[in-house]
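These notes are about the structure you will find just below.
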Amino acid sequence: MTIDIDRARRDTPGIEHVAHLNNAGGALRPSVVTDTVVAHLRREAEIGPYEAEAESHARVSGVYDSVARLIGAQPDEIALVQSATAAWNVAFSSIPLQAGQRVLTARTEYISNAIALLQACERTGATLEVIEDDEHGQVDLDQLERRLDSDVALVALTHVPTGGGVVNPAESVGALTRKAGVPFLLDACQSVGQLDVDVDALGCDLLAATGRKFLRGPRGTGFLYASRAITESLVPPVLGLGAATWTSPTTYEVVPGALRFETWERSVADNLGLGAAVDYALSFGLPAIEERVTGLAARLREDLSQTLGVTVRDKGVRRSGIVTFTVDGMRADEVRARVAAAGVNVSVTRISSAQLDFGARGLTEVVRASPHYYTSDDELDRLLAALR
Ligand SMILES: *Cc1c(COP(=O)(O)O)cnc(C)c1O
């Protein structure tokens, strides 16, 4: 199966304005997403917000079905939240941590997760241990296996980091955590929407993702996957309407399934937009999207490595659609500005958001180019021409 590029570009009005190679920051939306959000906002204005929600009840609950289908889960394993960070936080804070326990993570852990892990360990007396990378620049599986003892409360891993091309071997991590009976929380924020992600194959118990990046959904949307097996043992630290039922003046019951991880109020329009984005991605098929995105990224790495003064910084056996590089003698911000003047969007990742990863690799900043399946070869050429 291959991507119908003409269809993808026809459905993406933003390509008229810019060569958008910042899909890892936020993608250009397909028209169906914008139209879905706007139509619901109009309907709220016409008949009232609650009434508009009731009227579209079937579509609202269909969003859970779509997200579940995207990652090979069941609808009752999905919580819709405001961001990947919100998803990760509510999952992480539901896992009891005690003094003397250990939490394992890797060098590429996302900034907010890393800060929250440090804070939680400071509060509880648990210890955070960072698994080193192997010689390929991905999390070292042998070291992980050796450190997976019964006092490990959690393994937290970022599947695809924000500032590097590696795809961590999450399936192998999942096989190890399953064998050890340790909960596995996967940050799949950069992989969902660009790679064919399946929670059973990954073996994760919890997975956090966002709407606006490779999924091409609205800002302010995200979701948590929590497996049926783990959910009944997890209670979020603060429950409210929707997450629990008030059964008498002095009692409450946590609701079954992943809805316990949600808060009640949400943008229904944006959630419908997320559902439209997922359905749109599924209409191409994630295997085809993955093939196209990783193919474009591989071509870009190859051409960048032939460009004088440019050094590609990506590591890993398997690589994603995120391409990072530096330019000799030029600050990343200057590269971004010059490329922007040529009508190309790229972004910059700094050591301040990758202390463990960049620190170990002697990097302070990189330029990041992240094509998507709707990106054309001409758009990659525009970037390369601007760099030359
Ligand atoms: C962007 C990002 C996040 C945070 O996503 P939000 O939706 O902004 O909360 C988490 N992890 C990774 C790897 C990211 O790139």
Side-chain angles (χ1 to χ4, degrees), residues 26-27 29 32-34 36-41 43-44 49-50 52-94 112 185-193 197 199 204-228 230-231 234-245 254-282 286:
R29 274 163 223 158
V32 64
V33 171
T34 311
T36 300
V37 173
V38 171
H40 190 79
L41 290 177
R43 203 58 191 147
E44 287 186 340
Y50 281 50
E53 182 174 2
E55 182 184 77
S56 48
H57 174 76
R59 288 169 58 230
V60 171
S61 65
V63 177
Y64 293 85
D65 302 330
S66 296
V67 171
R69 196 146 72 84
L70 176 74
I71 59 167
Q74 299 299 321
D76 66 352
E77 296 176 312
I78 304 299
L80 298 179
V81 293
Q82 294 74 30
S83 65
T85 304
W88 194 94
N89 283 347
V90 72
F92 175 60
S93 59
S94 304
S112 299
L185 167 54
L186 184 68
D187 179 337
C189 191
Q190 292 291 4
S191 46
V192 167
V197 167
V199 289
C204 58
D205 304 287
L206 300 155
L207 176 148
T210 203
R212 75 181 180 284
K213 297 180 179 174
F214 284 96
L215 261 185
R216 310 181 70 193
R219 290 198 71 167
T221 60
F223 67 85
L224 172 69
Y225 155 79
S227 74
R228 281 180 180 168
I230 202 169
T231 295
L234 296 183
V235 179
V238 183
L239 293 164
L241 168 58
T245 319
V254 183
V255 301
L259 293 182
R260 68 184 59 193
F261 299 109
E262 293 191 353
T263 47
W264 189 76
E265 172 58 356
R266 78 269 320 279
S267 165
V268 174
D270 288 334
N271 279 357
L272 288 171
L274 175 69
V278 171
D279 292 342
Y280 187 74
L282 288 169
L286 271 297

Query raised in the report: Are any side-chain N or O atoms of Arg260 and backbone N or O atoms of Val254, one a donor and one an acceptor, separated by less than 3.5 Å?
Result: no

Report task. Tell me, please, which residues at least two apart from Arg228 pass side-chain hydrogen bond (donor to acceptor under 3.5 Å, both in side chains). Result -> Asp76

Requested in this report: List the steps, then state whether side-chain contact (heavy atoms from CB on, under 4.5 Å) holds for Leu207 with Leu224.
Outcome: CA-CA 6 Å; Leu207 176 148; Leu224 172 69; 5.9 Å; no

Report task. State, to 0.1 Å, how close Val32 and Thr36 come at their nearest heavy-atom pair, and which atoms those are. Result -> O-OG1, 2.6 Å

Query raised in the report: Is it true that a side-chain atom of Thr221 and a backbone atom of Gly217 form a donor plus acceptor pair closer than 3.5 Å?
Result: no

Requested in this report: Could you tell me which non-hydrogen atom of Leu206 sits nearest to which non-hydrogen atom of Ala226, and how far apart they are?
Outcome: CD2-CB, 3.6 Å

Query raised in the report: Can you pull the salt bridge (charged side-chain N to carboxylate O under 4.0 Å, His left out) pairs that have at least one residue in residues 205-217, sequence neighbours excluded?
Result: none

Report task. Starting at CD1 of Ile230, measure out to CD of Glu77 and round the result to the nearest 0.5 Å. Result -> 11.5 Å

Requested in this report: Any chance you could lay out the side-chain contact (heavy atoms from CB on, under 4.5 Å) test for Leu241 and Thr263, step after step, and finish with the verdict?
Outcome: CA-CA 7 Å; Leu241 168 58; Thr263 47; over 6 Å; no

Query raised in the report: Yes or no on side-chain contact (heavy atoms from CB on, under 4.5 Å) for Val63 and Leu80, after CA distance, side-chain angles and deciding distance?
Result: CA-CA 9 Å; Val63 177; Leu80 298 179; 3.8 Å; yes

Query - Minimum heavy-atom distance between Leu185 and Ala91, given as atom pair plus value - result: CD1-CB, 4.2 Å

**Report entry** For the student: nearest non-hydrogen atoms of Ala79 and Phe261, plus distance
**Finding:** CB-CB, 3.9 Å

Requested in this report: Measure the spacing between OH of Tyr280 and OG of Ser66 and express it to the nearest 0.5 Å.
Outcome: 15.5 Å

**Report entry** Pairs flagged by salt bridge (charged side-chain N to carboxylate O under 4.0 Å, His left out) wherever residues 261-279 is involved - sequence neighbours left out
**Finding:** Glu262-Arg266

Report summary line: Residues at least two apart in sequence or cross-chain that pass side-chain hydrogen bond (donor to acceptor under 3.5 Å, both in side chains) with Glu55, listed by chain then number, are Arg43

Query raised in the report: Of the non-hydrogen atoms in Ser112 and Thr85, which two are nearest, and what is the gap between them?
Result: CB-CG2, 4.2 Å

**Report entry** Pair Leu215-Leu274, side-chain contact (heavy atoms from CB on, under 4.5 Å): steps then yes or no
**Finding:** CA-CA 8 Å; Leu215 261 185; Leu274 175 69; 4.2 Å; yes

Query raised in the report: At their closest point, which heavy atom of Gly273 faces which heavy atom of Pro218, and how far apart are they?
Result: C-CD, 3.6 Å

Query raised in the report: Taking the side chain as C-beta and beyond, is there a heavy-atom pair between Pro236 and Leu239 under 4.5 Å?
Result: yes

**Report entry** Inter- and intrachain pairs under salt bridge (charged side-chain N to carboxylate O under 4.0 Å, His left out), touching residues 60-75, at least two apart
**Finding:** none

Query raised in the report: Counting N and O atoms only, with roles assigned by atom type, does the side chain of Ser56 sit under 3.5 Å from a partner on the main chain of Arg59, one being a donor and the other an acceptor?
Result: no

Report summary line: Rounded to the nearest 0.5 Å, the CD atom of Gln82 sits from the OG atom of Ser267 at a distance of 9.5 Å

Report summary line: Residue pairs passing the ring-ring contact (aromatic ring centres under 6.0 Å, His included) test with at least one member in residues 61-88, sequence neighbours excluded, are Trp88-Phe92

